[in-house]
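Treat the numbers as computed from the prediction; the structure is a model and nothing was measured.
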Amino acid sequence: MNAAPGGAVRTLRVPGRHGYAAEFSPYLPGRLACAAAQHYGIAGCGTLLILDQNESGLRLFRSFDWNDGLFDVTWSENNEHVLVTCSGDGSLQLWDTAKATGPLQVYKEHTQEFPNSFSSPLPRVYSVDWSQTRGEQLVVSGSWDQTVKLWDPTVGKSLCTFRGHENIIYSTIWSPHIPGCFASASGDQTLRIWDMKATGVRIVVPAHQAEILSCDWCKYNENLLVTGAVDCSLRGWDLRNVRQPVFELLGHTYAIRRVKFSPFHASVLASCSYDFTVRFWNFSKPNPLLETVEHHTEFTCGLDLSLQSPTQYFLNKEHQHLGIANSV
C-alpha cells in the first residue's frame, strides 16, 4: 500500500480484480465498498470489497465473492451493514457485512429477452441504487435488457418493471428530494425521469447524440441533473425546461464513465473518464474546470465523493488498484 499527503492517491492492491463502482458508507466514517470483476467483467467471477480507511491508508475489512462480475454497489439507507450489488448474470445480491457468509438474498429477474436485434445477449445488470428519502426503502436496477426494475429488499421479487428505453441502461439514480422519483440514462442517448406510482415515463430528455453512461442528481436542487456520455461531454439539465442544457462541460478526451455531484457544494461535481483522468468542476464559474487528476495508467470506472470530507474522493484507480485521495 502507498500512502501520501495532499492530493496524492493512497492505493490498495486487489490482485486479479478490476473495480467498477465505489461508494462511501452513509453511516460509518471511513468505510467504503467496491464492486469488482475479473478480466474487466468479460469473464470470470466478481468480488464485493469492504474497506476501512485509517491514517496509513486503506485496509481490507471483508470480501465476498460472486460467480459473475459485479458492476455496481449501493449501501442501505436503514442498516449500516447492508448493501446491494448487481451482476453480469442478471441478478442482484443483498449482503450483510457483519456476516462472513454469502448473500442474504439473491434477486434474479432481468432476462435475456431483447426487442432489438442489436442488443447484447447478456442479461447484465449495470446499475443499482437505494432510495435516499426516509419514507421508502426501495432499490432500482438498470439492465442490458433495457428495463428498470423496482425492488423492496424485504420481498423476494420485483414490485414493478419500467419499460421505454431502447438500448442498454447504464445508470439509475433515485432523486434525493422527491419520494418515488428516479432517473435513468441509456445507450439510446436519453435521460429519463420516472415516477414509481406511474407505469410510464414522466420526462424524456434527448440529452446527447451518443450513449449516456452516467447520470446524477444535484443534492441541493431537485430539478437539476447531470449526464456524462461517450461524446466526452457533461451536460446539466433543469427538469422545468429540458430543451437545452443549462451547462456543458468539455475537457475529457474519451467517454465519461461516471459523474457525481458534490454532497457539500451545489455547483461542484466530479467525473472520471476512459481518458485516465478524474476532473473536478464548478459549473457556476466562467472557467469551470477546477482540477484534473492525471496519475492513472488505465481506465478509471468507479468514483464517489466522501460524505464526511468536502475534498476526499474514492476511485477504482486502475486494474488491481483502488485509491483514495483529496482534491486540491
Side-chain angles (χ1 to χ4, degrees), residues 21 23 26 35 71-78 82-86 92 94 107 109-110 124-155 157-208 211-229 235-240 242 258-261 263 269 304-305:
E23 189 164 297
F71 295 110
D72 202 6
V73 60
T74 183
W75 286 94
S76 165
E77 292 288 336
N78 67 350
V82 172
L83 309 93
V84 173
T85 54
C86 59
L92 284 68
L94 183 73
Y107 315 94
E109 291 187 25
H110 286 287
R124 290 185 178 185
V125 186
Y126 230 49
S127 179
V128 66
D129 193 41
W130 198 297
S131 58
Q132 298 179 38
T133 53
R134 295 302 178 188
E136 60 200 18
Q137 294 298 325
L138 300 171
V139 171
V140 287
S141 60
S143 171
W144 284 29
D145 68 5
Q146 306 175 12
T147 69
V148 176
K149 288 186 179 288
L150 177 70
W151 310 84
D152 180 339
T154 64
V155 177
K157 60 181 180 180
S158 66
L159 304 180
C160 187
T161 300
F162 297 85
R163 293 179 172 85
H165 278 297
E166 298 177 355
N167 206 318
I168 294 166
I169 297 171
Y170 289 105
S171 182
T172 50
I173 182 80
W174 286 99
S175 167
H177 313 279
I178 308 167
C181 181
F182 61 90
S184 59
S186 168
D188 66 9
Q189 308 178 4
T190 67
L191 169 72
R192 297 182 185 230
I193 311 301
W194 310 81
D195 184 343
M196 72 177 195
K197 301 178 184 65
T199 55
V201 64
R202 281 181 52 197
I203 302 172
V204 179
V205 184
H208 297 260
E211 288 190 296
I212 306 171
L213 303 185
S214 184
C215 64
D216 196 26
W217 222 294
C218 179
K219 311 302 186 289
Y220 295 88
N221 183 340
E222 68 178 31
N223 294 302
L224 183 62
L225 292 95
V226 63
T227 52
R235 292 179 179 175
W237 302 97
D238 187 324
L239 298 182
R240 294 166 295 188
V242 297
R258 202 170 295 266
V259 59
K260 293 277 187 173
F261 268 110
L269 53 90
D304 197 26
L305 304 184

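- Under the side-chain contact (heavy atoms from CB on, under 4.5 Å) criterion, Val201 pairs with Arg192, Trp194, Val204, sequence neighbours left out.
- Within the 4.5 Å cutoff, no side-chain heavy atoms of Cys86 are placed close to those of His110.
- Of the options Val148, Asp129, Ile173, a side chain to side chain contact (heavy atoms under 4.5 Å, CB included) to Phe182 is made by Val148 and by none of the others.
- Of the possible donor and acceptor atoms, one in the side chain of Thr74 sits under 3.5 Å from a partner among the backbone N and O of Trp130.
- Judged by distance alone, the side chain of His165 and the main-chain N or O of Thr190 form no donor-acceptor pair under 3.5 Å.
- A donor-acceptor distance shorter than 3.5 angstrom exists from the side chain of Glu136 to the backbone of Gly180, with no hydrogens or angles considered.
- Thr161 and Ser158 get closest at one heavy-atom pair: OG1-OG, 4.4 Å.
- The salt bridge (charged side-chain N to carboxylate O under 4.0 Å, His left out) test applied to Asp238 returns Arg240, not counting sequence neighbours.
- For the pair Leu92/Val139, a side-chain contact is recorded, criterion being any heavy-atom separation below 4.5 Å from C-beta on.
- With hydrogens and angles disregarded, a donor-acceptor distance shorter than 3.5 Å links the side chain of Asp72 to the backbone of Val128.
- The closest donor-acceptor contact from the side chain of Tyr126 to the backbone of Ser141 lies at 3.5 Å or more, if one exists at all.
- Remark: the backbone N or O of Ile168 is paired with a side-chain donor or acceptor of Ser186 at under 3.5 angstrom.
- Ring geometry for Trp151 against Tyr107 counts as tilted: the plane angle lies between 30° and 60°, on a 0 to 90° scale.
- In terms of heavy-atom proximity, Glu166 sits nearest to Asp188 at N-OD2, 2.9 Å.
- Proximity of a side-chain donor or acceptor of Ser171 to a complementary backbone N or O of Ser184 within less than 3.5 Å is not detected.
- By the side-chain contact (heavy atoms from CB on, under 4.5 Å) test, Thr227 pairs with Leu191, Ala207, His208, Ile212, Cys215, Arg235, Trp237, sequence neighbours left out.
- Partners of Glu211 by salt bridge (charged side-chain N to carboxylate O under 4.0 Å, His left out), not counting sequence neighbours: none found.
- The closest donor-acceptor contact from the side chain of Glu23 to the backbone of Trp75 lies under 3.5 Å.
- Applying the salt bridge (charged side-chain N to carboxylate O under 4.0 Å, His left out) test to Asp195 and every residue at least two apart in sequence or in another chain returns nothing.
- Contact of the Leu225 side chain with the Ile193 side chain is registered, since non-hydrogen atoms from C-beta on lie closer than 4.5 Å.
- With sequence neighbours left out, Pro206 forms a side-chain contact (heavy atoms from CB on, under 4.5 Å) with no residue at all.
- With a 4.5 Å cut-off on side-chain heavy atoms, Val226 and Cys218 do not count as touching.
- Residue Phe261 comes nearest to Asp216 through the heavy atom pair N-OD2, 2.7 Å, listed as atom of the first residue, atom of the second, then distance.
- Ser127 places no side-chain N or O within donor-acceptor distance of the main-chain N or O of Gly142, the cut-off being under 3.5 Å.
- Between the side chains of Glu222 and Trp217, not a single donor N or O lies within less than 3.5 Å of an accepting N or O.
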